[in-house]
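This report refers to the structure that appears directly beneath it.
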Amino acid sequence: LRVDPLYGERYVLMLPQALGERSGGEITWAEAAEYPLILLEKEMQNRRIIDRIFADVGVEVQVAAETDGFTAMIAMAVEGLGAAILPHVLIDRLGVFVGVSLLPLVGPVIEKSVGLVLPERPQVIPAVQALRDTVRAHAEQ
């Protein structure tokens, strides 16, 4: 396999002001478990990672809602229906949200590598090669 790293992914808690007023700082995974959470569906890899983290810190969560997409998670959190655990890179790209606090999750800090993984082959489809070239160029910046 050929692995081209893209970025390291960390998690943040999107906490609606309706659930608690926090203007900044960090929050532990154990503290995050005290809020009703909006999470991805259990079949999704991101959810399995998050469930494992909560199990490792020895807490159970109260799931307010499950969805199959980050956009729905953000919309529900902004409406105050629960707190959402999201990749920081997603939040960084979408900008400012009104009525929520974005708190980096710590205790432990979790960083997962996200990358492009493709089979190494002698002949590569041109579109795949273009994608690899773009990833490599981005990584060098």
Side-chain angles (χ1 to χ4, degrees), residues 1-121 123-141:
L1 294 176
R2 165 70 192 241
V3 178
D4 293 305
L6 296 173
Y7 59 89
E9 184 173 81
R10 295 179 315 277
Y11 297 100
V12 298
L13 181 73
M14 179 179 269
L15 180 64
Q17 290 174 353
L19 296 180
E21 192 74 35
R22 283 182 76 153
S23 60
E26 301 169 330
I27 189 167
T28 67
W29 288 89
E31 291 171 319
E34 297 172 8
Y35 295 101
L37 294 176
I38 302 162
L39 300 173
L40 293 174
E41 294 172 345
K42 288 186 181 210
E43 301 79 28
M44 301 182 81
Q45 177 64 11
N46 185 276
R47 171 66 182 273
R48 288 192 295 268
I49 291 167
I50 289 170
D51 284 348
R52 195 169 332 129
I53 295 165
F54 281 124
D56 288 348
V57 297
V59 296
E60 291 186 29
V61 299
Q62 172 191 353
V63 179
E66 293 179 328
T67 182
D68 64 356
F70 290 119
T71 304
M73 289 175 68
I74 292 168
M76 286 188 268
V78 168
E79 289 298 317
L81 302 176
I85 296 174
L86 302 162
H88 83 285
V89 70
L90 179 65
I91 297 302
D92 290 348
R93 301 300 184 263
L94 294 177
V96 178
F97 295 92
V98 177
V100 297
S101 296
L102 299 170
L103 308 168
L105 281 153
V106 298
V109 172
I110 302 295
E111 184 167 303
K112 298 287 182 184
S113 293
V114 176
L116 177 64
V117 180
L118 296 166
E120 191 66 61
R121 302 230 165 115
Q123 290 187 336
V124 180
I125 297 170
V128 171
Q129 187 59 50
L131 178 59
R132 279 184 174 167
D133 293 345
T134 301
V135 167
R136 280 191 218 119
H138 177 73
E140 293 171 4
Q141 294 179 359

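One-based numbering along the sequence shown. Predicted model, so just to flag it, every value in this text is computed and none were measured.
Remark: of the listed residues L103, L105, V106, L13, V106 is the sole one forming a side-chain contact (heavy atoms from CB on, under 4.5 Å) with E26.
The CE atom of M76 sits 10.5 Å away from atom CD of E79, with the distance rounded to the nearest 0.5 Å. A distance of 9.0 Å separates CE of M73 from CG of L90, quoted to the nearest 0.5 Å. Put simply, CD on Q45 and CD1 on I50 are 10.5 Å apart, with the number rounded to the nearest 0.5 Å. Rounding to the nearest 0.5 Å gives a distance of 8.0 Å between OG1 of T67 and CE of M44. The structure places CD of E34 at 12.5 Å from CG of L19, a figure rounded to the nearest 0.5 Å. The distance from atom CZ of R132 to atom CD1 of I125, rounded to the nearest 0.5 Å, is 10.0 Å.
Between L118 and V128 there is a side-chain heavy-atom pair separated by less than 4.5 Å. I85 places none of its side-chain heavy atoms less than 4.5 Å from the side chain of V12. Residues K112 and Y11 form a side-chain contact, since some pair of their non-hydrogen atoms from C-beta on lies under 4.5 Å apart. For the pair F70/N46, a side-chain contact is recorded, criterion being any heavy-atom separation below 4.5 Å from C-beta on. No side-chain heavy atom of L131 sits less than 4.5 Å from a side-chain heavy atom of D4. The side-chain heavy atoms of P104 and I27, taken from C-beta on, include no pair separated by under 4.5 Å. Residues Y7 and V89 have side chains in contact (heavy-atom distance under 4.5 Å, counting atoms from C-beta outward). Looking only at side-chain heavy atoms (C-beta outward), L102 and I91 come within less than 4.5 Å of each other.
Under 4.0 Å is where a charged nitrogen must lie from a carboxylate oxygen, and between E66 and R47 at least one such pair does. For the pair R10 and E111, the salt-bridge criterion is met [side-chain N within less than 4.0 Å of a carboxylate O]. Residues D56 and R52 are not paired through a salt bridge, judged by the lack of any N-O separation under 4.0 Å between the basic side chain and the carboxylate.
Heavy atoms only, all atoms of each residue included: V61 and L39 are closest at CG2-CD1, 4.5 Å. Contact detail for P16 and A77: the closest heavy-atom pair is CG-O, 3.0 Å. Residues L15 and A83 come closest through the heavy atom pair CD1-CB, 4.1 Å.
Between the side chain of W29 and the main chain of P108, a donor-acceptor pair closer than 3.5 Å is present.
Applying the 6.0 Å contact sphere to CD of Q129 captures more than 12 heavy atoms from other residues, nucleotides or ligands. Around the CD atom of E60, the shell of radius 6.0 Å holds no more than 12 heavy atoms that belong to other residues, nucleotides or ligands.
Evaluation of the side chain to side chain contact (heavy atoms under 4.5 Å, CB included) rule for V59 yields A30, A33, F54, V57 as partners, not counting sequence neighbours. Residues passing the side chain to side chain contact (heavy atoms under 4.5 Å, CB included) test with V3, sequence neighbours excluded: V117.
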(request) For L40 and D68, run side chain to side chain contact (heavy atoms under 4.5 Å, CB included): C-alpha distance rounded to whole Å, both residues' side-chain angles, the deciding distance at 0.1 Å, then the answer. (result) CA-CA 5 Å; L40 293 174; D68 64 356; 5.8 Å; no
